[in-house]
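Proteins come first, then strands; the chains are lettered A, B, ... in the order of their sequence lines, and each starts at number 1. Values in this document were obtained by computation on a predicted structure and should not be read as measured data.
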Amino acid sequence: MSGFDVQQFRSQFTFFQLQPDWVYLDNAATMHKPKAVTDAVQRFYQQQNSNVHRGAHQLSQRATTEFEQARDIVASFINAKHRHEIIFTSGATAALNQIAFGLMHTVLQPGDRILLTQLEHHANIVPWQLHCQRHGIHIDVVPLNSSLQLDLAAYQQLLLQKPKVVSFSHVSNVLGHIQPVQQMVAMAKAAGAITVIDGAQGVVYQQPDMQQLDCDFYVFSGHKIYGPTGTGVLYGKTALLEQLTPLLAGGEMIEQVSFVNTTFNKLPFRLEAGTPNIAGVIGLGAALQWIQQYNNNDLIQHKSLLLKAFFSGLAQIKGVDILSMPVHNAGIVALNVDSEHPSDVAAMLDQQQVAVRSGQHCAMPLFSYLARPGAVRCAFAAYNTLDDVNRCLLALEQAVEILTA
Amino acid sequence: MTLEQLLADTKPALQEIQTRDLADIQQASDWQAKYRILMQLGKKLPPMPEKMKQQEWLVKGCESRAWLMHYHDKSTDKHYFILDSEARIVKGLMAIMLCLVNGMSSAELAKFDLCHKFDQLNLKPYLSQSRGNGLTAMAEKIKACCPAA
């Protein structure tokens, strides 16, 4: 056993002290914040609260320093080569929108192809669709195999069509399956494609190493890794970030403006229009610093312990249809109860104070492939305990009993 | 099955809910009892044939899909409804909604206060939930059936 003490870990989240009756398993939607994060945000508003990069006073300079320190923390957390390769956004969705918009006409030309996968979140589908339709760019889709993993042979075949961009998720937000991203990036690069990784669910599972992964873009949301909502990161290699057309304009992203022409500021500011979410970014920095006190392998081991207990408990409940695989799983279990609608199951879990999400989880193409109306999603975090697992199992049993009575 | 048949089958079911089940819901001792009744209510309504589940009857804003059909008998100025939903609890809650408004005149429907009624039945929390369960969308759709005054 590792030296990981879940009670010590959990005790740092005020939420669990104030709401001891809840079993929170909606972590793939958003995570709770440790005190280190809520304190950092509160301290900023109470003691500093100045705008960054422009004030003529020391308060602004201090805010700027802290804000820029957060950029260093993120850069070091994902092992980016340069700090200016970290662009702060409002979330993974905003980052993906910036990439899709920014590549049009600079990299992507009419007649080009891009490649997505069957299990993407809508945020990694719709921004592409929106721009690709207007610019005459074709979208291909990597299918799944029978064990609901991406079909890598089909992926290889699709790469032969020379897509200019390949965009896929690190971890499926519905199934929890960890994609072989290292291999997929290498295959895409061999085919000459630009690689984009949606790390919304992946970043909290395994600290991604940009230089080792060697992808061109990696995006994630702050609130899914213990940070504040409204924060996100767009990592990109310098040369590609330079080629992105800014999606938002105004404020700090500008160098010179006249009514004839405008020249843009340098990276990272060029892609950060308007006043950023300063307190949020500082909170995100605090979150990443805080989580690094812990050995990530301990957290992974703890979560796999929870998953194992959950899967073996589920096997004892009659009529549970599990969509997720227990292997290569980042901690998410999608399931259904026989022919019951997932919203009925989730409503009954809710009555027992077990928070899960039900529905299609912003992944309609995946559910049309699965031919199911949706699923109940139980997403575990490192602060969940075996007691949470057991309470969820008991609540599920009760739900099954009522539904099938 | 025709709309007339479905209306004819739905009407007594809604009447039964109105006269018998509402009191039970109000007095349910715990959530289990309440949910058991709600699921029973959904079962009492005749299911809408798949063919009739057209886009135009779909209630938008639900995690589960629901359909609402409306018939306005102009000669008597009475409104009648048919509904179905993929989810059983939601269908039960929607059935309660329908039994309250079924057969109302345009004027009655226009001034009907669903929130107040659900509050009386101890069901208000279900109305104020996020768009997830679609009850609010259903309530809006019912109101929209009312011809402009």
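- Contact detail for A:H341 and B:S64: the closest heavy-atom pair is CE1-CB, 3.2 Å.
- Inter-residue side-chain proximity for A:D344 and B:M39 is flagged as unmet; no heavy-atom pair is nearer than 4.5 Å.
- Ranked by heavy-atom pairs under 4.5 Å with chain B, the list A:A346, A:A347, A:P342 is led by A:A347.
- With B:R88 contributing its side chain and A:L403 its backbone, the two residues share a donor-acceptor pair below 3.5 Å.
- Residue B:Q5 places its CD atom among more than 12 non-hydrogen atoms of other residues, nucleotides or ligands, all under 6.0 Å distant.
- Counting non-hydrogen atoms of other residues, nucleotides and ligands closer than 6.0 Å to NZ of B:K117 gives a total of 12 or fewer.
- No side-chain heavy atom of B:Q32 sits less than 4.5 Å from a side-chain heavy atom of A:M348.
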Take B:W31 and A:I402 through the test side chain to side chain contact (heavy atoms under 4.5 Å, CB included) and record every step on the way to the result.
CA-CA 11 Å; B:W31 72 266; A:I402 297 174; 3.7 Å; yes

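- Other residues, nucleotides and ligands contribute over 12 non-hydrogen atoms within 6.0 Å of the NZ atom of B:K53.
- Heavy-atom distances place the side chain of A:E340, and not its backbone, under 4.5 Å from chain B.
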